[in-house]
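Below you'll find the structure, written out as C-alpha cells, and then a few comments.
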Amino acid sequence: MNIAMGADHAGFEQKELLKNYLVEQGFTVHDKGCFSEERVDYPDFAQLVSRSVATGEADFGVLVCGTGIGMAMAANKIHGIRAANVSTAEFAQLAREHNNANVVTLSGRFVDVETNKAILDAFLNTEFAGGRHECRVSKIMELE
Ligand code: RB5
C-alpha cells in the first residue's frame, strides 16, 4: 500500500518517526516533505500529499503539523479529499468506517508518537463500512 506523508516544521520530527514505523511494516511511503525543522507553511505540504491521494499515486495520506487542524483545513480544499484530524485511535477507526476518510491529519505537538502510531494502525487497517454511510459520504462529495 502506498502512503503519502507530509509535515510542517511542527510535525517534522513525528513525521520522520511515523514514516520509519510505516516502512518497517512494509508500506511504501512517498515523503512529500518538509525535510527539516526550518519554518514552512503547512498548506504547501497538505496540497502535495492531497494531490498524491487524489491522483491515485497514494492510497492514503498522512499529514502532521502542530495540531493537525490547519493540515485538515487545507487538505479538504482539494477535490476528492476527505481529511480527518484525529487524536485517538477510536476516532481514526470511525473516520474510516463512517466517513471513508482518505487523509488523516495528526498533531505533532499535543499527541505523543505512540498514540499517533496507534492512530495510524487503526486508520490503515479499517475498511469503509459502506451501507447507510455510503449516501452520506456521497452527499459530502456533492458539496465540492
Ligand atoms: C505552526 O506554528 C502551526 O500553526 C501549525 O503547525 C499547525 O498547528 C496549524 O494548524
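As the structure lists them, so they are numbered: ligands from 1, and atoms in each ligand from 1. Predicted model only: the values in this text are computed from it and were never measured.
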query = Under the side chain to side chain donor-acceptor pair (under 3.5 Å) rule, what pairs show up with a residue in residues 133-144, not counting sequence neighbours?
reply = His79-Glu144
note = On a heavy-atom basis, the closest approach of Asn102 and Ala83 is OD1-N, 4.5 Å
request  = Give the numbers and elements of all ligand 1 atoms closer than 4.0 Å to a heavy atom of Arg109.
outcome  = 2 (O)
request  = Below 4.0 angstrom from a heavy atom of Ala10, which ligand 1 atoms are there? Numbered from 1 as shown, please.
outcome  = 6 (O)
key: Same apolar cluster (I L V M F W Y, side chains within < 4.5 Å links), Leu17/Tyr21   = yes
query = Sequence neighbours excluded, which residues qualify as side chain to side chain donor-acceptor pair (under 3.5 Å) partners of Asp112?
reply = Thr115
message = Give the atom numbers and elements of ligand 1 that come within less than 4.0 Å of a heavy atom of Cys65.
response = 6 (O), 7 (C), 8 (O), 9 (C), 10 (O)
inquiry  = I'd like to check which ligand 1 atoms, numbered from 1 as shown, lie under 4.0 Å from a non-hydrogen atom of Gly70.
reply    = 9 (C), 10 (O)
query = Which atoms of ligand 1 sit under 4.0 Å from any heavy atom of Tyr42?
reply = 5 (C), 9 (C)
inquiry  = Suppose we measure from atom 8 (O) of ligand 1 to each protein heavy atom; which comes out shortest, and what is that distance?
reply    = Thr67 N, 3.0 Å
message = I need the atoms of ligand 1 closer than 4.0 Å to a non-hydrogen atom of Asp8, numbered in the order shown.
response = 1 (C), 5 (C), 6 (O)
ask   = Can you find an N/O atom of Gly66 closer than 3.5 Å to an N/O atom of ligand 1?
value = yes
key: Side chains of Gln47 and Lys32 in contact at under 4.5 Å (non-hydrogen atoms)   = no
message = Taking Asp59's backbone N and O only, do any of them form a donor-acceptor pair with Asn2's side chain (distance below 3.5 Å, no angle check)?
response = no
